[in-house]
Visitor: 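Let me begin by handing over the structure; questions about it come next.
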Amino acid sequence: MSIMLIDNAGATPAAMACENSDTGADTAFRLAIRSWIEENLPSDWRGRSFGATDESLSEQRRKFGALLGRAGWLTANWPTSVGGLGASAARRIAVLEELVAAGAPEPMNSNSLGIFAPTLIKYGTPDQHRKFLPDMVTHNAIWCQGFSEPEAGSDLAAISTRGEIVGDQLVITGQKIWTSYAHLADFCYILVRTERSEKRHSGLTLAILPMHQDAVDVRPLRNIAGTDEFCEVFLDGATTPMTNIVGEPGNGWSMAMYALSQERSVGLAQRSLKLRAEFTALAEIAGRELTEGNLRDNDPILTGGMVDAYVRSLVTTSMVRRAIDLDAAGKDIGTVAAMAKVFWSESHQEQMGLAAHILGSDFVSGNGVGSDWYRASVFTRAETIYGGTTQIQRNVLARSLGLPKGK
Ligand SMILES: Cc1cc2nc3c(=O)[nH]c(=O)nc-3n(C[C@H](O)[C@H](O)[C@H](O)COP(=O)(O)OP(=O)(O)OC[C@H]3O[C@@H](n4cnc5c(N)ncnc54)[C@H](O)[C@@H]3O)c2cc1C
């Protein structure tokens, strides 16, 4: 029996009706999301900042995320057993592509929806699904990810934040860092050490922690783009009921790995697909600058850079589609996810170098589009770090190719 978790009252009739997987129905589905966006996305919320780090975007991201969630678009691909429509990978991609094409803000909960929701659906209990998924979808509750610690980033197994089981509570003490949106979050999916073990990957537990309690102290950290996006989180005996543990205590590692592979591909899909939209915007600016005589058409940095950026945006799109396809088929996406993460993040940094060349002093001056490009550009420095650094992804790829481990 399927349990309807999400109130689909606001879902568009077209989204609900397009249940067949033939191409005609896929086209109808795409047109339905397109016209829904036309009706529901205010023009001044479109294409604001490619970097999506501006603090003033948070409210728009939350409000638009809520609209999308209530209309059923964020959960179209979820199984019907948890309130989704069980839509195909093609439709999931269609939703993302239409959002990017319209310059829509990324939903505030896109990380938790892309990373934690699939993990909870796979490993959590029906009670946990009922309790947490609906508010995540409708953005009534904002979520953050509490994995990294000062001494445990790339080496996540070094996590030392303690989780002690006391009666029917898990009591958590330690520190998390780089926790995105912790200052806005109502819940955190957190990885803690509940047992000391010879094996470093054993004894970790994944739990859901309510953030609004005295024992949780959140201190925002200002990033290079000048915004408070990530935070330090100090935990001094913070509590969560044992019923909020996902899976078995001590078995958190495999769930964290599943979550991170989702983060590198499906979780970053909307952001990765933006590369193409950003390229199109850049091409328009380059055309204008050429017409006004500010750029030369025999400039090799411009011409070579444009061709390279165009090809990279196409390849990134293909990689993201492949990851989503494999994921939908229930296949392991670890290697494709690592490849997509490295290729997208490095391509984005290169594209921003090209943007600086095209925009000249406008890139930093804040003259119209310039300031947004600059902010987005500095934020691309973070893209080769979060979700697993480029070096770590290259290690993953080297292993998948059977290359020997470095010393
Ligand atoms: C914008 C942003 C948002 C983030 N949001 C979150 C969040 O919401 N939740 C969360 O839990 N974390 C978050 N993080 C943290 C992120 O996951 C870590 O920064 C990342 O995993 C790297 O860990 P670290 O910073 O400790 O660097 P380290 O692990 O100390 O790495 C330092 C350098 O050494 C390299 N290195 C380390 N080990 C190896 C190795 N074995 N082989 C080769 N090179 C190696 C790394 O590639 C890197 O260049 C965020 C980070 C950023 C930048």
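Everything numeric here is computed off the predicted structure, so don't read it as measured data. By convention here, the first residue in the shown sequence is residue 1.
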Visitor: What I'd like to find out is whether the side chain of L191 reaches to under 4.5 Å of the side chain of L156, using heavy atoms alone.
Guide: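 Yes, side chains in contact.
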
Visitor: Any chance you could lay out the side chain to side chain contact (heavy atoms under 4.5 Å, CB included) test for Y189 and V246, step after step, and finish with the verdict?
Guide: CA-CA 9 Å; Y189 56 99; V246 184; over 6 Å; no

Visitor: Could you check T125, V82, I208, L206 and say which one makes a side chain to side chain contact (heavy atoms under 4.5 Å, CB included) with L120?
Guide: I208

Visitor: Less than 4.0 Å between a side-chain N and a carboxylate O, is that true for D308 and R312?
Guide: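 Salt bridge between R312 and D308, a charged N being under 4.0 Å from a carboxylate O: yes.
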
Visitor: What distance separates H183 NE2 from L221 CG, expressed to the nearest 0.5 Å?
Guide: 10.5 Å

Visitor: Is it true that D325 and K331 have a side-chain N and a carboxylate O under 4.0 angstrom from each other?
Guide: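 Between K331 and D325 there is no salt bridge, as every charged N stays at least 4.0 Å from the carboxylate O atoms.
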
Visitor: Return the orientation label for the F132 and F187 ring planes: parallel under 30°, perpendicular over 60°, tilted otherwise.
Guide: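 F132 and F187: perpendicular rings.
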
Visitor: Roughly how far apart are Q175 CD and D217 CG, rounded to 0.5 Å?
Guide: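 Reported to 0.5 Å precision, the distance equals 10.0 Å.
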
Visitor: Using 0.5 Å steps for rounding, measure from the CZ atom of F343 to the OG atom of S272.
Guide: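 Going from CZ on F343 over to OG on S272, the span is 11.5 Å.
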
Visitor: Distance check, rounded to the nearest 0.5 Å: S35 atom OG versus E38 atom CD?
Guide: 8.5 Å

Visitor: Would you say the side-chain atoms of T384 and T390 include a donor-acceptor pair closer than 3.5 Å?
Guide: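 T384 vs T390: no donor-acceptor pair found between side chains.
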
Visitor: Nearest 0.5 Å, what's the CZ-OG1 distance between F379 and T227?
Guide: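 Here the interatomic distance stands at 7.0 Å.
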
Visitor: Any heavy-atom pair between the side chains of V320 and W344 that's under 4.5 Å?
Guide: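 The answer is no; the side chains never approach within 4.5 Å.
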
Visitor: Can you confirm whether more than 12 heavy atoms, excluding those of R322, are under 6.0 Å from its CZ atom?
Guide: no

Visitor: So, applying salt bridge (charged side-chain N to carboxylate O under 4.0 Å, His left out) with E97, which one of R321, R34, R276 is it?
Guide: R321

Visitor: Would you check if P134 and V137 make a side-chain contact, meaning some heavy-atom pair closer than 4.5 Å?
Guide: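 The answer is no, as the side chains (C-beta and beyond) never meet within the 4.5 Å cut-off.
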
Visitor: So, for Y258 and W253, is the gap between ring centers shorter than 6.0 Å?
Guide: no

Visitor: According to salt bridge (charged side-chain N to carboxylate O under 4.0 Å, His left out), does anything in residues 136-151 pair up with another residue at least two apart or in another chain? List the pairs.
Guide: E149-K176

Visitor: Using side-chain heavy atoms (C-beta onward) and a distance below 4.5 Å, is Y181 in contact with N109?
Guide: no

Visitor: Would one find more than 12 heavy atoms of other residues, nucleotides or ligands at under 6.0 Å from atom CD of Q213?
Guide: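 Yes, enclosed.
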
Visitor: Can you pull out every ring pair (Phe, Tyr, Trp, His ring centres under 6.0 Å) where at least one residue sits in residues 214-240? Sequence neighbours excluded, please.
Guide: W178-F230

Visitor: First locate atom OG of S347, then atom CG of L275, and finally report the distance between them rounded to the nearest 0.5 Å.
Guide: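 The OG atom of S347 sits 6.0 Å away from the CG atom of L275.
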
